Student: 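Before I ask anything, let me first share the structure, which is written out below as structure tokens.
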Amino acid sequence: MLDIKIFREQPDETRRRLATRGRGDETRVTEVLEQDELRRKLIATVEALKAERNRISKEVGIRKAQKLSADDLFAKIKSIPEEIALLDAKLTEVDASRDALLLTLPNLPHESVPEGDESANRVERSWGEKPVFPEGFTPLPHWELAEKLGILDLGRATKVSGSGFVVFKGAGARLERVLVQYLLDIHTREHGYTEINTPFVVRRECMVGTGQLPKFEEDMYGIRDDELFLIPTSEVSVTNLHRDELLRHDELPIRYAAYSPCFRREAGSAGKDTRGMIRVHQFDKVELVHIVRAEDSYATLETLVGHAERILQDLGLHYRVLCLSTGDMGFTAAKCYDIEVWAPGLGTWLEVSSCSNCEDFQARRMNLRYKDKDGKNVPCHTLNGSGTALARLFIALVETYQRPDGSIHLPEKLRPYFGSDIIPPLPSV
RNA sequence: GGACGAGUGGCAGAGUGGUCUAAUGCGUCUGACUUGAAAUCAGAUGUGCUCUCACGGGCACCGUGGGUUCGAAUCCUACCUCGUCCGCCA
């Protein structure tokens, strides 16, 4: 949630920065200001009435204690509670609509973010090379490899859960499992994260806290009877661990690495990437979450991307880092880097990590603050990044390390985890 | 799922309709004493909103939401969370 003060103090600048997202949000600024003004007028009126009521009521108490009559005071106060109730009701209404509006406005993009739509995304750097395969060999997409190797069962996944779900099998299931362990080990042992394992279902207010709700409810799986939601990323459950907290200066930064499955309805992307497991309703991910002091968040963002990149480098996967444009960034991000890994079988880049600095946008929504050096209570800055998303990392691994004989030769770092260096093809039928 | 009990400031804990402006203790901070520290003494110490150029006011907050009342931490009500016991269960 944006700070109401920036609307009051810099309305034009706020309009300009919202406009760069290209969603028309800048047209709501006037509405925010009108509601804010109405709200403050109501507060002034109702609080004056309450002050008077309190004064008179206290006087009643004093008179009673002295066994004196207070009838003249009752006459004076008669209509006040009614007026207060009326105004309070009105104020509740105005508060609710102001909040409802503020909760649907996205974060303001940082000045360093390129302006424009998707085509304005800036390639910051790339690492490695596209893998070279023997003359005459065309690398296969993962769904064909999966069939040869027996590592995924896409058809039966559909039988139990519908389209967009995956069953890992045999060496595939083992690879998925050891990847989780590998990722957590690197981040906790070498990057200083605290491993954390949270529930995969959360309450509504958590989804509001990290910004999935109220705007994107159609993309979320909900459990209606209990008003709970399946997390679309552990960013939700992990960041919200500290909702409604006031942290000491020396408690920051907080750094968590969390494994969780992620559940996404992908309501807006029906028909896109339907083949294989590029876009699925459930996937595993190791998420990195930082809660930091305001002045540290941009340096932290660079560190965070570095941690995700390190994984791909160690696994020898070709990737590039994009700085997303104002129009392509997520709702909560002020600045966001995507990491895309090359999938030679598909012949495309796959997004395996998205590292965002949300500044104080989420912290305001979840009332997460810290005492700064001067003892002032200010919102924390929150960051999150995938380190990394697994289904697509799996795809990139098998497509990159496939051999013409149908086998997969795993990169060295994974071998001790996996327990062997090769996934052999099934005996041909 | 059932029964009973409990939720008060950073922590402990009093307060059961009216100067509650929430006692008291611990903790923390500042000062005094001290070569320094401890001990002791004195003072300070919540959050949010709002008005004001400022000084300084006002309002709200005792788990959460409703309600009763001129007035609610206190009474009523629903819910949430925690505890204890019972039942069920991987």
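Residue numbers start from 1 in every chain, and the chains themselves are labelled A, B, ... in the order their sequence lines are given, proteins ahead of strands. Here the structure is a predicted model, which is why all the values come from computation and not from measurement.
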Student: Which of these nucleotides, B:rU50, B:rC70, B:rU47, is closest to any side-chain atom of A:Arg53?
Tutor: B:rC70

Student: Nearest to the side chain of A:Pro81 - B:rC70, B:rU47, B:rC59?
Tutor: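 Closest of the options to the side chain of A:Pro81: B:rC70.
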
Student: Can you tell me how far P of B:rG18 sits from CZ of A:Phe74, to the nearest Å?
Tutor: 14 Å

Student: Can you check the distance between B:rG27 and B:rU68, where both ends of the measurement are the C1' atom (answer in whole Å)?
Tutor: 40 Å

Student: Looking only at atom P, what distance separates B:rC20 and B:rA39, rounded to whole Å?
Tutor: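 Roughly 33 Å separates the two P atoms.
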
Student: Any ion pair linking A:Arg28 and A:Asp25 (charged N to carboxylate O, less than 4.0 Å)?
Tutor: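 Not counted as a salt bridge, because no side-chain N and carboxylate O are separated by less than 4.0 Å.
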
Student: For A:Glu205 and B:rC79, give me the distance from atom CD to atom P, rounded to whole Å.
Tutor: 17 Å

Student: In whole Å, what is the span from the NZ atom of A:Lys50 to the C1' atom of B:rA60?
Tutor: 7 Å

Student: Choosing from B:rC70, B:rG58, B:rU47, which nucleotide comes nearest the side chain of A:Glu47?
Tutor: B:rG58

Student: Take atom C1' in B:rA3 and the same atom in B:rC88, then report the distance between them in whole Å.
Tutor: 16 Å

Student: In whole angstroms, how far is the P atom of B:rU50 from the CG atom of A:Leu91?
Tutor: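 So the two atoms are 11 Å apart, to the nearest Å.
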
Student: Using a cut-off of less than 4.0 Å, is there contact between a side-chain N or O of A:Asn54 and OP1 or OP2 of B:rA60?
Tutor: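 Answer yes for this pair, as a side-chain N or O of A:Asn54 is under 4.0 Å from OP1 or OP2.
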
Student: From the set B:rC49, B:rU47, B:rC80, return the single nucleotide nearest to any side-chain atom of A:Arg203.
Tutor: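 The nucleotide sitting nearest to the side chain is B:rC80.
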
Student: Would you measure the distance from the C1' atom in B:rU19 across to the matching atom in B:rA38 and give it in whole Å?
Tutor: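 That atom pair is separated by 41 Å.
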
Student: Give me the distance, rounded to whole Å, that separates B:rU45 from B:rU24 when you measure between the C1' atoms they each carry.
Tutor: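 After rounding to an integer number of Å, I get 16 Å for this pair.
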
Student: What are the two closest heavy atoms between A:Glu115 and A:Thr326, and how far apart are they?
Tutor: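 In this case the closest contact between A:Glu115 and A:Thr326 is CA-OG1, 3.4 Å.
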
Student: For the side chain of A:Arg40, counting heavy atoms from C-beta on, which of B:rG58, B:rC51, B:rC49 is nearest?
Tutor: B:rC51

Student: Begin with the C-alpha distance, continue with both residues' side-chain angles, and end with the deciding distance and a verdict on ring-ring contact (aromatic ring centres under 6.0 Å, His included) for A:Tyr256 and A:His187.
Tutor: CA-CA 9 Å; A:Tyr256 290 125; A:His187 293 310; over 10 Å; no

Student: Determine whether a donor-acceptor pair (N or O, by modelled atom type, separation under 3.5 Å) exists between the side chain of A:Tyr370 and the backbone of A:Ala294.
Tutor: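 At least one qualifying donor-acceptor pair exists.
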
Student: Taking atom P in both B:rA23 and B:rC62, what distance in whole Å separates the two?
Tutor: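 Approximately 15 Å lies between the P atom of B:rA23 and that of B:rC62.
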
Student: Given the C1' atoms of B:rC53 and B:rG48, what is the spacing between them in whole Å?
Tutor: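 B:rC53 and B:rG48 have their C1' atoms separated by 24 Å.
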
Student: Out of B:rU19, B:rG48, B:rC59, which has the shortest distance to the side chain of A:Ile62?
Tutor: B:rU19

Student: What integer distance in Å separates A:Arg55:CZ from B:rU21:P?
Tutor: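 Those two atoms, CZ and P, are 15 Å apart.
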
